[in-house]
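Before any comments, here is the structure.
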Amino acid sequence: MEQRDVLVVLFDGVQSLDVTGPLEVFTQAALRVPGAYPVRTASLDGTPVRTGSGLTLTPDLALSDAGPPHTLLVPGGRGTREPDARLVDWLRLHAPRARRKVSVCTGAFLLAAAGLLDGRRATTHWTRCAELAAGFPAVRVDPEPIYVRDGDVATSAGVTAGIDLALALVEEDLGRDLALAVARHLVVFLRRPGNQTQFSAQLAAQTADRRPLRDVQQWITENPAADLSVETLAGRAGLSPRHFARAFRDEVGMTPGRYVDRVRLEAARRLLEDTADGVEGISRRCGYGTPEAMRRAFLRTLGAAPAEYRRRFRPVAPPPFP
């Protein structure tokens with residue numbers, strides 16, 4: 001059996017869950033397949049680091065003593081804002097020798113600073129995507145997926161997305177059944193597709209400055225099955241359709257049509273997760289009209305049909321206590 005050793009990079013200001021989330025996934029897999037994932041942690045000098053939340057983590061060794069791993073995992077955290085130049089230099093020199101380079105959350109900034117994301121598609125936490133794109137124009141930043149694979153480099157969004165990515169790697173290495181057993185043990189889903197969006201429609205968009213546009217945003221959220229054409233929404237805002245479309249795009253950061261699409265998709269996702277309603281009824285309640293229209297929207301955005309989405313993400317009721 002191939003050993004896929006994992007080296008986790010530690011530094012002051014690292015986010016503890018970016019470290020421990022994926023680490024638990026690989027460790028739990030190794031408990032089921034002994035030797036599958038030897039996991040080590042390393043800091044620049046082999047000395048303990050203090051996480052952003054105040055925890056102290058003691059590494060196994062210094063980065064200078066670590067040979068090239070199969071999987072190099074670079075977590076995020078406040079320490080990525082002004083990283084130690086020695087850490088960036090180490091990544092630039094040694095990370096290319098790893099078979100897989102993986103970042104969690106703002107760990108993407110460290111990979112980018114080392115030139116490892118140049119010409120690649122990547123993601124990070126949605127609040128930092130614009131900053132990553134501006135600071136590293138050679139990186140093709142995609143703010144929406146929870147994780148992105150581009151060749152031998154994988155980047156992920158916030159904390160839980162690092163767990164999703166680690167589970168995806170375990171599934172690729174050792175099969176779905178093993179990854180599912182790990183996910184069940186950790187009480188997480190196996191697995192959110194990588195192209196599932198990071199955030200809700202409301203978080204993804206800005207809140208409009210003007211009260212009439214904010215009211216329209218709220219009304220869209222509360223009435224996804226209504227006529228949400230530009231003409232109708234413009235009338236509610238008391239603006240001409242052309243003025244409304246321009247003002248909405250400028251203040252919200254996306255067109256009215258795209259915002260409506262996101263709100264309807266989110267509403268349908270919640271109903272699939274939280275109710276036993278049929279797909280046909282949900283499609284009508286969320287403004288799709290037909291199950292086929294909703295299916296196309298799910299496949300286009302999430303990479304999974306509504307039935308598959310429900311199978312993956314609807315919580316299973318726990319058995320009753322004895």
- Task: Answer yes or no: is there a side-chain heavy-atom contact under 4.5 Å between R264 and L228?
- Result: yes
Are [X] and [Y] within salt-bridge range, i.e. N to O under 4.0 Å?
X: R300; Y: D261; result: no
X: D142; Y: R121; result: yes
X: R284; Y: E280; result: yes
X: R92; Y: D89; result: yes

- Task: Just say parallel, tilted or perpendicular for the rings of F26 and Y37, cut-offs at 30° and 60°.
- Result: tilted
- Do you reckon M254 sits in the same ILVMFWY cluster as W219, going by side-chain contacts under 4.5 Å, direct or chained? yes
- The single option from R100, K101, R97 passing salt bridge (charged side-chain N to carboxylate O under 4.0 Å, His left out) against D152: K101
For [X] and [Y], which heavy atoms make the closest approach, and how far apart are they?
X: V141; Y: C129; value: CG1-O, 3.7 Å
X: S156; Y: L165; value: CB-CD2, 3.9 Å
X: A36; Y: L174; value: CB-CD1, 4.0 Å

- I would like to know whether L31 and Q28 meet side-chain contact (heavy atoms from CB on, under 4.5 Å); could you show each step before the answer? CA-CA 5 Å; L31 289 175; Q28 288 297 324; 3.8 Å; yes
